[in-house]
Each structure stands twice: as structure tokens, then as C-alpha cells.
Protein chains: 2
Amino acid sequence: MTEHQGILTPEHIDYTLLKPEAGQRQIEEHCTRAIDYGFAAVCIFPQWVPLAKAILDGTPVKVCTVIGFPFGANTRMVKSAEAAEALEQGAAEIDMVINLGAIKSGDHRRASQEIETVAGLVRWAGEDKVLKVILETCLLDDSEKRDAARLAEAAGAHFVKTSTGFGPGGATVEDVRLLREAVFPQTRIKASGGIRGLDTALALIAAGADRLGTSAGVELMQSWRSSRGIL
Amino acid sequence: MTEHQGILTPEHIDYTLLKPEAGQRQIEEHCTRAIDYGFAAVCIFPQWVPLAKAILDGTPVKVCTVIGFPFGANTRMVKSAEAAEALEQGAAEIDMVINLGAIKSGDHRRASQEIETVAGLVRWAGEDKVLKVILETCLLDDSEKRDAARLAEAAGAHFVKTSTGFGPGGATVEDVRLLREAVFPQTRIKASGGIRGLDTALALIAAGADRLGTSAGVELMQSWRSSRGIL
């Protein structure tokens with residue numbers, strides 16, 4: 001147990017809308033709610049970055065988007081082009097999926113080079129820009145999780161992130177703990193995938209999650225406030 | 001009922017392996033089996049196109065890959081870059097996901113322009129190259145399915161394809177029939193998503209499917225042969 005236990009703030013939350021069938025109006029409403037609640041970021045598909053940037057500009061809410069999502073099975077060129085365009089269009093946070101096929105083939109060099117390339121683009125875009133690398137922990141064994149996390153960190157990731165939310169499993173307390181122990185203290189952890197209840201959210205934070213990726217941000221904040229007697 | 005009913009050939013099958021955790025060895029085995037069975041194509045992630053091309057070169061089996069997959073929510077630039085690189089690396093068939101968010105927002109122009117751009121790249125790569133547009137029918141109502149199919153056809157698609165296999169539903173006989181009626185006779189239909197049994201496969205072909213996207217190609221051909229008394 002850490003001093004984090006029992007504390008949920010809007011800054012913990014990457015408010016996520018990754019439904020392919022969501023249209024312009026849903027993205028707009030999502031961004032407006034993110035401003036109302038003061039979430040850390042909205043996490044949306046690349047095609048909506050310009051729209052989200054236009055709405056969120058001048059507010060503290062960042063635009064976060066997903067790269068090589070959700071399978072990480074694109075080429076380095078495509079992941080780089082996608083990240084470069086998103087940064088150019090106003091994304092401040094880049095959540096890229098690690099090359100799972102390369103990890104599973106023992107080709108750490110390929111997985112690493114992709115992250116290094118995107119990390120270079122993120123650094124070049126500004127010191128305040130953030131790179132998160134999604135490991136899709138549900139498809140990895142514990143040894144692979146540690147290797148992938150350290151590889152991502154060494155290649156320039158600011159965060160390691162558990163899940164896409166589209167794999168067979170999401171964030172677990174055990175995985176957050178494992179990742180927290182695997183990486184250096186300055187590397188942050190984002191838990192994501194299936195986070196809907198307040199107890200889960202608080203347990204993930206207590207285990208070491210700095211950020212939660214969830215579409216249930218509003219419900220979580222409401223539960224948190226009512227549990228504290230705040231209306 | 002048509003004369004197609006009851007006939008399954010290897011040329012009906014795009015033999016599909018779209019698991020993010022599949023490594024180099026699984027891709028190699030997949031391609032080898034495709035050669036053994038004489039399938040129309042292997043359908044794999046973009047990062048494996050060079051490997052598949054090296055194995056399949058000189059055989060009748062084509063390399064097919066997926067673009068903007070599975071959500072279709074990337075930008076036009078990224079879809080184009082991904083298709084261009086895949087064609088350059090040896091892909092002969094491009095299965096791109098339509099921009100569902102644009103369709104749902106009534107922004108047909110945006111959806112159409114993306115397909116036109118990729119269709120231009122495919123034509124430029126050679127007359128034998130093929131563009132299929134995935135509509136993700138499970139997320140569309142019947143009117144949207146027809147609109148999307150006609151929009152894709154008008155923008156230069158050779159095939160309209162039902163599903164990614166990662167949405168809430170896959171290919172249905174009803175959808176194949178609807179698409180067959182919606183588009184011109186020279187536009188072909190690919191059914192995909194959840195096709196595992198021989199009866200389903202034959203019903204989809206009878207309804208008008210020219211191609212089936214399935215990971216169960218080997219099992220389907222074995223069922224077909226044993227149903228015909230062929231060992």
C-alpha cells in the first residue's frame with residue numbers, strides 16, 4: 001500500500017473514446033466533457049486529432065492519440081508517419097502499440113527501433129510531448145512483460161501502458177505491480193482496458209498506475225465524489 | 001440459388017492470419033500451407049508483407065494485406081502511405097477499412113476521397129492489383145451498407161468486403177445478398193469474419209460471395225473434400 005491509495009483525481013484519467021463508429025458529434029461531446037471534468041487528456045483515433053485540438057486548445061486537457069493501434073503490426077514507416085502527422089496536428093501524447101509479432105519472434109531490435117524512431121519524433125515536437133508504449137500485457141508472459149517494458153523505456157517511452165482494450169484482457173493490479181517493479185521510478189505507468197469501477201481504479205493507482213485510460217471517466221469521478229460526500 | 005451453390009475451391013479463399021502475437025515462424029508456416037492448398041491469397045498484417053512476398057514469389061498465391069485496420073480511423077495520409085509501402089513491398093491485394101466515423105457523420109466525401117486515393121495507388125502499381133474495401137457491416141444499418149458499398153465501388157474498389165473479423169459481428173448471408181444487389185455485377189464481394197464451417201462457406205458463396213476471408217481455410221478445404229469423397 002502506498003500514499004496513493006484512495007485518491008482519484010481527474011488528472012489520473014485519459015478519457016478514451018475509441019469506437020470506430022463514433023462520429024464527429026460524439027467526439028465533440030467527448031472533448032467538452034473532458035474540459036468540464038478537467039481530465040488529463042482525451043484519447044481518440046488519429047483522424048479526430050484536428051477536431052479535438054480545435055476544441056481543447058487553450059484548455060489544460062491534452063490531445064492523446066493511438067498509433068499502430070490496436071495490433072502494433074504496421075511497419076516502422078507507417079507508425080512514424082502516423083505519429084509525425086498526429087504531432088503536427090496537435091497531439092501532445094502518443095500511445096503507440098509495441099510490435100508484438102517482433103517481441104514474440106525474439107526480434108527485440110525491430111521492436112526497439114520502432115519505438116526509438118517514434119520517440120525521436122515526440123522529442124522533436126517538444127519537451128512537453130509524451131510517448132506511451134502499449135505492451136498488450138494479456139498476450140505476454142511475465143518475462144516478456146518485463147522485457148517489453150524495459151525495452152520500451154530504454155527506447156525513450158515516458159510511460160509503459162498495459163493494454164489496448166481490444167485484446168483478450170485488460171489492466172490488472174498484478175501487471176501494474178510487475179511493470180512498476182520492472183522500470184525506473186521516473187518511467188510512468190498507464191493502466192487501461194476494462195477499467196469501469198471505482199474500486200478497480202483505486203486498486204490500480206495503489207499498485208502504481210499514474211494514469212488510467214478509460215471511457216468511464218465521468219462515472220468514475222462521480223463515484224469518487226459521492227464516496228467522499230462531494231456533490 | 002445460383003450455379004455457385006455447393007462449390008468451394010481454394011481460389012475462393014483468402015487465407016487469413018491476423019493475430020498480433022503471431023511471429024515470423026507462424027507467418028512462414030501460414031504461407032507454406034497457402035501454397036500447398038493453392039489459396040487465392042494470404043491475408044496478413046503489413047509488417048509481414050516482405051516475408052510473405054519472399055515465400056510466395058513465383059507461386060500463384062497473392063500477398064494480401066490490411067490497411068487502416070481494423071477501425072478505419074486513421075487519416076488519409078496514413079492509409080495512403082501504408083498502402084503505397086505495402087504495394088512497393090509486394091502486396092498484390094489491399095483490403096482497406098472504410099472510414100466508419102465519416103460514414104456515421106454523413107461525411108461521404110471524406111470516406112470517398114480516402115478510397116479514391118488508395119485506389120489510385122493500387123491502379124498505379126499494376127492492372128492486376130486489387131483493392132477491397134471493408135465496410136464493417138455489423139456497425140451499419142442496411143441503408144448505410146448500400147451507401148457505403150456504392151461509395152466504395154464508385155471510388156474504385158474492385159471488391160466490397162463485409163467485415164474485419166474484429167467487430168461485434170462477421171459475414172452473414174443476408175449482408176452478402178444485400179451487397180450483391182447494391183453494386184454492379186463486375187464488383188466482387190468478399191465475405192469475412194467468423195467463417196469456419198463448410199455450410200456457412202457454401203451459403204455465403206451461394207449468396208454471391210466471390211471470395212471468403214478465413215483463418216480456417218485448411219479445415220474448410222478438408223471438409224469440402226471429404227464431403228465429396230476426395231481424400
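What you see is a predicted model; the values in this text were computed from it and never measured.
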Novice: Quick check on Lys129(B): does its NZ atom have over 12 non-hydrogen neighbours (other residues, nucleotides or ligands) under 6.0 Å away?
Specialist: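 More than 12 within 6.0 Å, yes.
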Novice: Sort by residue number and list every member of residues 61-84 of chain B having a non-hydrogen atom under 4.5 Å from chain A.
Specialist: Phe69(B), Pro70(B), Phe71(B), Gly72(B), Ala73(B), Asn74(B), Thr75(B), Met77(B), Val78(B), Ala81(B), Glu82(B)
Novice: In residues 105-126 of chain B, which residues are in contact with chain A at a heavy-atom separation under 4.5 Å?
Specialist: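 Residues Ser105(B), Arg110(B) are the ones that qualify, each having a heavy atom under 4.5 Å from chain A.
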Novice: Between Arg25(B), Glu85(B), Gln24(B), which has the largest tally of heavy atom pairs under 4.5 Å with chain A?
Specialist: Glu85(B)
Novice: Does anything in residues 132-158 of chain A reach chain B? List residues with heavy atoms under 4.5 Å apart, or say none.
Specialist: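 Within residues 132-158 of chain A, the residues under 4.5 Å from chain B are Leu139(A).
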Novice: Under a 4.5 Å cutoff for heavy-atom pairs, which residue among Lys19(A), Lys104(A), Gln26(A) has the most contacts with chain B?
Specialist: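 With the most close heavy-atom pairs to chain B, the winner is Lys104(A).
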Novice: Under 4.5 Å, counting heavy-atom pairs only, tell me which of Pro20(B), Ala86(B), Gly23(B) racks up the most with chain A.
Specialist: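 Max contact count across the listed options: Pro20(B).
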Novice: Inspect the surroundings of CD in Glu219(B) and state if more than 12 heavy atoms from other residues, nucleotides or ligands are less than 6.0 Å away.
Specialist: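 Correct, the count exceeds 12.
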Novice: Among pairs that include at least one residue of residues 45-58 of chain B, which meet salt bridge (Lys or Arg N to Asp or Glu O under 4.0 Å), considering only residues two or more places apart or in two chains?
Specialist: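 Non-adjacent pairs meeting salt bridge (Lys or Arg N to Asp or Glu O under 4.0 Å): Lys53(B)-Asp57(B).
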